[in-house]
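Before any comments, here is the structure.
Reminder, nothing fancy here: chain letters follow the sequence lines and each chain counts from 1.
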There are 2 protein chains.
Amino acid sequence: MGVAERKEREKELRSESIIDAAERIFFSKGFEHATMNDVAEKAELSKGALYLYFHSKNELCMAILQRSLIILKKRMILLLDDNNLSGIEKFARLARLFIAFAKEHPNHYNSLLSYREHRGNCPATGRVIKSTIEENKKINGIISDIIRMGKSDKTVNKDIDADKLSLALWGNFTGIMPSSILSEKVIPNFDPEDIIKYHFELLINAIKA
Amino acid sequence: MGVAERKEREKELRSESIIDAAERIFFSKGFEHATMNDVAEKAELSKGALYLYFHSKNELCMAILQRSLIILKKRMILLLDDNNLSGIEKFARLARLFIAFAKEHPNHYNSLLSYREHRGNCPATGRVIKSTIEENKKINGIISDIIRMGKSDKTVNKDIDADKLSLALWGNFTGIMPSSILSEKVIPNFDPEDIIKYHFELLINAIKA
DNA sequence: GTCACCGAGTGACCCACGGTCATATTTTGT
DNA sequence: ACAAAATATGACCGTGGGTCACTCGGTGAC
């Protein structure tokens, strides 16, 4: 009697295909100017059906954000598991990883930045919010692990607080890039990559053993 | 014939009083849930009149954001002009200044974080956008000046790039705090202050002469 | 003093859009 | 075969940003 299981699977698939549609619409028109009707049409469903899967436009957007975190996480896991690199080297590569992610997935990177905008309008108890937080937790965990790895192999100063530094880095990632948008008009030839790289250089100097 | 001048002044005053009203409404209800009718009522004007002064709800919000930058700038100028402190000491106090600003003006700090949300929907040529960018430029300038001051008085390593570090710091400020909102549920007893302070400590270690 | 003019201010109105719900359709269990 | 349950529909609603034809009072020319 696998009917319940099959239904579950199908529900999951529908949900994913709605997110697919939402990504296309939101990424091309922008969240503000995209409508739920647009999404419904792209998903080949009626508008009402969307609300069987997501509480609101904002929650749908959070689902996209969650995907972004997963993409990023996967890349980070590859880095974490690379046995040819010392801890401090992995740390250094985080800079490149962040930049590459933002360049290769500009829309997903963008979605990360509007977290605040959507979070407030989602029911805090919803499954989407919960699993998004879960992903974020994992990402912070991976950064911490990399730093701790550096402490183990003596390439990172043993007094460094892995958890705090991990959070600071995440702040940089979600802060420097957008602030660059504000600054792009201000500083001629401004290059956010450059800023991130420079900042990492300073930090590496500060934490190496 | 001071009529034109008087009218200009009055127009300026009206504009400011609209921003006053908008601050009260937006800060108490949140941008999303506040309506232009609310603002009009608080400003003792009709809704139509608001649009004589601001192109859109988003532009009105940018005007608030600009105020936030001005408040922050004033505090930074006081620090910059303090003759009792060395360059590196001023740099160190920036951490406290950021934290104090965010604590004492939580709503204004918040408004800074929604820059991206509003920017896209304002005419890029509007006076509000232009003067907001101007303020941001000044703030980055002040941070750079502080760092350069440190290089002059030999408390900061002469190889430090003041402009890049300035942008990195601004990114931290607008990144760590909001990321803390995401993380608050993740890390028990998470304290964003702590993260900022810790991050500054590392940087100070990295840049001191 | 009069009067045409100008621009600030008004608020009824438009309409796009998020969200709902009574109803229809399909699937399931017996 | 048929009822019950699950899934989907789309007309409809309310809200709220933004507009515009109009009012009104101060201004300055004569």
Side-chain angles (χ1 to χ4, degrees), chain A residues 1-19 21-22 25-26 28-64 114 117-123 126 128, chain B residues 1-19 21-22 25-26 28-64 114 117-123 126 128:
Chain A
M1 174 69 78
V3 173
E5 288 79 354
R6 197 201 73 226
K7 283 223 170 181
E8 183 110 356
R9 266 197 327 273
E10 281 175 354
K11 195 156 187 172
E12 183 61 27
L13 282 178
R14 263 269 186 287
S15 178
E16 289 299 313
S17 86
I18 290 173
I19 303 177
I25 298 294
F26 288 170
S28 70
K29 293 194 171 191
F31 176 77
E32 295 248 343
H33 300 101
T35 74
M36 289 302 266
N37 271 318
D38 293 336
V39 175
E41 197 174 333
K42 180 69 86 180
E44 294 172 299
L45 280 171
S46 69
K47 182 159 62 159
L50 299 185
Y51 288 88
L52 296 174
Y53 296 87
F54 299 93
H55 285 94
S56 64
K57 194 183 178 188
N58 284 292
E59 189 174 87
L60 185 46
C61 205
M62 285 299 288
I64 294 176
S114 50
E117 186 179 341
H118 305 299
R119 165 70 184 270
N121 304 310
C122 292
V128 179
Chain B
M1 174 70 76
V3 172
E5 288 79 354
R6 197 201 73 223
K7 288 225 169 173
E8 183 108 0
R9 269 200 320 275
E10 282 174 353
K11 194 157 185 172
E12 183 62 27
L13 283 178
R14 262 272 186 284
S15 178
E16 289 299 313
S17 87
I18 290 173
I19 303 177
I25 298 294
F26 288 171
S28 71
K29 293 193 169 190
F31 175 78
E32 295 247 345
H33 300 101
T35 74
M36 288 302 265
N37 270 319
D38 292 338
V39 176
E41 196 174 333
K42 180 69 86 180
E44 294 171 301
L45 281 171
S46 69
K47 182 161 61 162
L50 299 185
Y51 289 87
L52 296 174
Y53 294 89
F54 299 93
H55 285 93
S56 64
K57 194 182 178 188
N58 284 292
E59 189 174 86
L60 185 47
C61 204
M62 284 299 288
I64 294 176
S114 50
E117 187 180 340
H118 303 300
R119 166 70 184 271
N121 305 310
C122 292
V128 178

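A straight line from CD of A:Glu10 to C1' of D:dA6 spans 12 Å, rounded to a whole angstrom. The distance between atom CD of A:Glu8 and atom C1' of C:dT28, rounded to the nearest whole Å, is 16 Å.
A donor-acceptor pair is defined here as one N or O able to donate and one able to accept, closer than 3.5 Å; such a pair exists between the side chain of B:Lys57 and the backbone of B:Ala34. In this structure a side-chain-to-backbone donor-acceptor pair under 3.5 Å is present from A:Ser56 to A:Glu59.
Using a 4.0 Å cut-off between charged side-chain N and carboxylate O, B:Glu10 and B:Arg6 make a salt bridge.
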**OP:** Would you mind building the protein contact string for nucleotides 9-24 of chain C? One character per nucleotide, 5' to 3', B for base within reach (heavy atoms under 4.0 Å), S for sugar-phosphate only, - for untouched.
**Re:** BBB-----SBBB----
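Under the side-chain contact (heavy atoms from CB on, under 4.5 Å) test applied with A:Glu12, the options A:Arg14, A:Arg9, A:Glu16 reduce to a single match, A:Glu16.
Atom CD of A:Glu32 has more than 12 neighbouring heavy atoms from other residues, nucleotides or ligands inside a 6.0 Å radius.
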